[in-house]
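Labels below follow one simple rule: chain letters A, B, ... track the order of the sequence lines, proteins then strands, and each chain is numbered from 1.
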Amino acid sequence: MVFNHTEIEKKWQEQWNNQQLASCNVSIKKDNFYNLCMYPYPSGDLHMGHIRNYTIGDVITRYKQKNGFNVLSPMGWDSFGLPAENAAIKTGIHPKKFTEERISNMRSQIKRLGSLYDWNKEVAAHDQDYYRWTQYLFIKLFENGLAYKEDAPVNWCTSCKTVLANEQVVEGCCERCDANVQQKNLNQWFFKISEYSEELLQGLDEIGDWPSNVKAMQENWIGKSQGAEFSLNILNTDLNFEVFTTRLDTLYGMTFAVLAPEHPTVNEILKISPNSKEIEKYISKSKSKSEFERMSISKKKTGIDTGLFVSNPINGEKVPLWIADYVLVNYGTGAIMAVPGHDERDYEFAKVYDLDIVQVIIDERKSVNIDKEPYVDKGILINSGEYNNLKSHDEASEEILKQLTGNDIGEKKTTFRLRDWLISRQRYWGCPIPVINCSNCGLVAESLDNLPVLLPEIDDYKNSEDSPLAKSKDFINTNCPKCGIQCTRETDTMDTFVDSSWYFLRFLDSDNTNLPFNKEIINDWLPINQYIGGVEHAILHLLYSRFFVKALRDIGMLDVNEPFHNLFSQGMINFGGSKMSKSKGNVVDPESYFSTHGADALRLYILFMAPPSDGVEWNDGGIEGTKRFLNKIWDNFEKLALLETNEQHESDLDIIRKINQTIFTVTKHLDKFEFNTAVSDLMKLNIELTKFLNSTIKVSKKTKEYITFNICSLLYPFAPHMSSELFYLYTNQNISEFSWPNFDKENLTNPTYELVVQINGKKKHTKIINTGTSQDEVEKICALEFEIETKNYKNIIFVEDKIINFIGQ
RNA sequence: GCGGAUGUGGCGGAACUGGUAGACGCGCUGGAUUUAGGAUCCAGUGAGCUUUGCUCGUGGAGGUUCGACUCCUCUCAUCCGCACCA
């Protein structure tokens, strides 16, 4: 008989809701387990990636619950952001209405999957009860010097008409809309994430289990680089500038120096250079290029000679000073010593402008032709005065550094690639920055009692140069919280990554009306035991959240160092060879499977299809398999119930052992996130159960109960609806109230095994014999069965319960 | 260029600590059942061959070992991330 999955799912979802199975009391002192799936952007429809994420999460929730943990598994919405605003521009629907409709649609879809979420703790970033506290945290950062406003060259998306964080610029284009990104100088808000560069890097060694690629990406992004900084003097002037290098050992090879076009010293140079006109021309030309053009299209390096010279601090040599846009103003000091002999970029530039190339490192074992290419590998120093014959890189750098430090013109220096996080956005649908511009007091934080600074109602969401919030007079005009005079508000809103940098804290105390969260609760529950989400957040969200927790720790709001202990990144589900996307029209809608195959079959298939961290191709036939599997289980339980009962018989022992072995393997696989093999173990077990049921007409009551309880228990995290229904049907009890089954260590081994008989390492025979048979006996069996005489072989290798290998003759 | 992974049947993937490669599922083939289709059940399914059995086979080439998907060296391919970072 086929079971009615729709009915069963509805019934059990209501049942779990009534028994408040997912609700977590965060205050009780018990073994806590914070299991978090990344909260979604409410796009309106659940896609397969969500299904995979939330199925994995739910398997963990249910498994940990059964192991006695007080599990917190909350859900919420990353509900600020551009799509709602763009829709408002197009259709005039208010972003709040638009967003909330989508949330309610997605919430009901999520519920159909049957995952346990504590909906009592639901949060939504756009909700004023949430963003009020985002503003509160902003003010705390501001008061502690971790949020500041500054003129800075920023990435401006010409289509979204807003600035973007560096992290949101992909190959010179806007991550969202793909439009060109220009450099613009604007007064913008930043968070001082760079202050935590070193700690964010170090922390990667302290956290728990994270995918190695995510750690590597963060390391890469932080980009620590150790070297030295020293100052160069422009000859015949009192102008000095600093340069950063990791290759101080090549200092004798400096044949010119380069400033980035945006370098502050360039303004001074314009006043004195014989070449000012050309320099100005060059700078305006290079400014008009987008960052992308500057970096990749113009492979050929360009620059302009200043006509000025600097002196090499190690030997006093006079070298020309150039301005070139292959030097980036925002890395290091925005100025370099150029060593064309031993640096590829400098080499390329020197070739273009025919500048001197001097070789200062040599490796006698390799032939190096400095006229053809630069030499960047290790060797020993030449043409370097008293430093000749020192080893390149570390040794020579250290010696040269000593001299520079001695003369007070240089020092050891560590540089990071990570720059401060630009958080202002000239958009409507985000959290307003709670700051006031006062002509007396300067930038003043809104007083905490006045929070939230509510988003104003406006008629027109289109943004021009200003943020849309500037259109509301009521919003802008206010009084200074300090001195009371009339002044104006900030009109920018925050990057939505600010919202998601602390949502996991709010979940723990979502009803708190006095504070964003209670410190004690956070200390009890963080770090999050298991965080699960897509690898697309490997850098941005995870790095920002780590920064937030460290900053809030230093402010004194909590006492933990890292937000996420273990991180699991699930792989992507593709269809038709590429990523599912609406524009490609290759979206597989999960919702239809709820009705055709049921949530349990979908969950099982998505777990079974591949190791969860692998990307995988959606295969429609596959879900048929898990559906069939569930049907077979259902049928087998019916058959089992119909069996007559008798005293325990020896034939029961095999199935009992098989179940016991499956408890062992499924537990092991669950602990290692190997859900695909866990599901296959359950399928194998069902095959054995089928064989057992086909071969017997009687079974003991005890065996019946053993089979029922354990199969339902093992199935429960994966297919919770059906296992709950089966258990209730045959025992009148609720499986969710029972602990995870234990296995009997003594009953894992089969009484017999298939011996493999090899001759010279090749399999020749097999025979089923008793487990634990000794080598002597096995040799006798081989002699008897296969006419193998021990004395004919030089060597015999015997591995108990596995193989015997006869070697040589 | 740098960093991280991944390569096993027609497909998704298994394989414990080095011990029968291909579990489990999809697909396919044959059979049973059915008026038919679907569903279900049973059997088969890495390749080749001179088919009681033999040979080859885990991207490729070597190596260690009685024995290698597994360990070592080199190499090729694919995917992802970063990339003029001084």
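- Residue contacts for A/Gln758: at a heavy-atom cut-off of 4.0 Å it reaches a base atom on one of the strands shown.
- Among the protein residues, A/Lys668 comes within range of no part of the nucleic acid, since none of its heavy atoms lies under 4.0 Å from any strand.
- Atom OH of A/Tyr753 and atom P of B/rC16 are 20 Å apart (whole Å).
- One can find a donor-acceptor pair under 3.5 Å joining the base of B/rC66 and the side-chain atoms of A/Asn805.
- B/rC74 sits 27 Å from B/rA83 when the C1' atoms are compared, rounded to a whole Å.
- The OH atom of A/Tyr605 sits 10 Å away from the P atom of B/rG27 (whole-angstrom rounding).
- An OP1 or OP2 oxygen of B/rC24 is reached within less than 4.0 angstrom by no side-chain nitrogen or oxygen of A/Asn676.
- The nucleotide whose nearest atom lies closest to any side-chain atom of A/Phe608 is, among B/rG25, B/rA86, B/rG4, B/rG25.
- In the interface, the side chain of A/Lys794 is not paired with the base of B/rC66 through any donor and acceptor atom under 3.5 Å apart.
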Query raised in the report: Should A/His597 and A/Glu624 be marked as a side-chain hydrogen bond (donor to acceptor under 3.5 Å, both in side chains) after you check the CA-CA gap, both sets of side-chain angles, and the distance that decides it?
Result: CA-CA 8 Å; A/His597 295 76; A/Glu624 296 291 337; 3.1 Å; yes

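- Taking the six-membered ring for Trp and the full ring otherwise, A/Phe568 and A/Trp210 have centroids separated by 6.0 Å or more.
- A perpendicular orientation is assigned to the rings of A/Tyr544 and A/Phe497, their planes being inclined by more than 60° (bins at 30° and 60°).
- Here B/rG9 is in the syn range [glycosidic angle within 90° of 0].
- Side chain of A/Ile797, nearest nucleotide from B/rC66, B/rU20, B/rC26: B/rC66.
- Residue A/Val327 has its side chain nearest to B/rA86 when only B/rG12, B/rA86, B/rG19 are considered.
- The listed nucleotides are B/rA23, B/rG4, B/rA86; the one nearest the side chain of A/Ser680 is B/rA23.
- Comparing atom distances between the A/Thr677 side chain and each of B/rA5, B/rU20, B/rA14 picks out B/rA14 as nearest.
- In terms of phosphate contacts, A/Arg628 brings a side-chain nitrogen or oxygen within less than 4.0 Å of OP1 or OP2 of B/rC26.
- Contact annotation for A/Pro211: no contact, since no heavy-atom pair falls under 4.0 Å across all strands.
- The listed nucleotides are B/rA86, B/rG81, B/rG4; the one nearest the side chain of A/Met217 is B/rG81.
- The shortest distance between the side-chain N/O atoms of A/Ser212 and the OP1/OP2 oxygens of B/rA5 is below 4.0 Å.
- Counting any heavy atom pair closer than 4.0 Å across all strands shown, A/Asp343 reaches no nucleic acid atom.
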Query raised in the report: Is there a salt bridge (Lys or Arg N to Asp or Glu O under 4.0 Å) between A/Arg657 and A/Asp654 once you walk through the steps?
Result: CA-CA 5 Å; A/Arg657 190 186 325 103; A/Asp654 286 341; 3.2 Å; yes

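- Formation of a donor-acceptor pair under 3.5 Å by the A/Thr766 side chain with backbone atoms of A/Val756 is not found in this model.
- Whole-Å rounding puts the A/Lys762 NZ to B/rG53 C1' distance at 14 Å.
- OP1 and OP2 of B/rA86 both lie 4.0 Å or more from every side-chain N or O belonging to A/Arg417.
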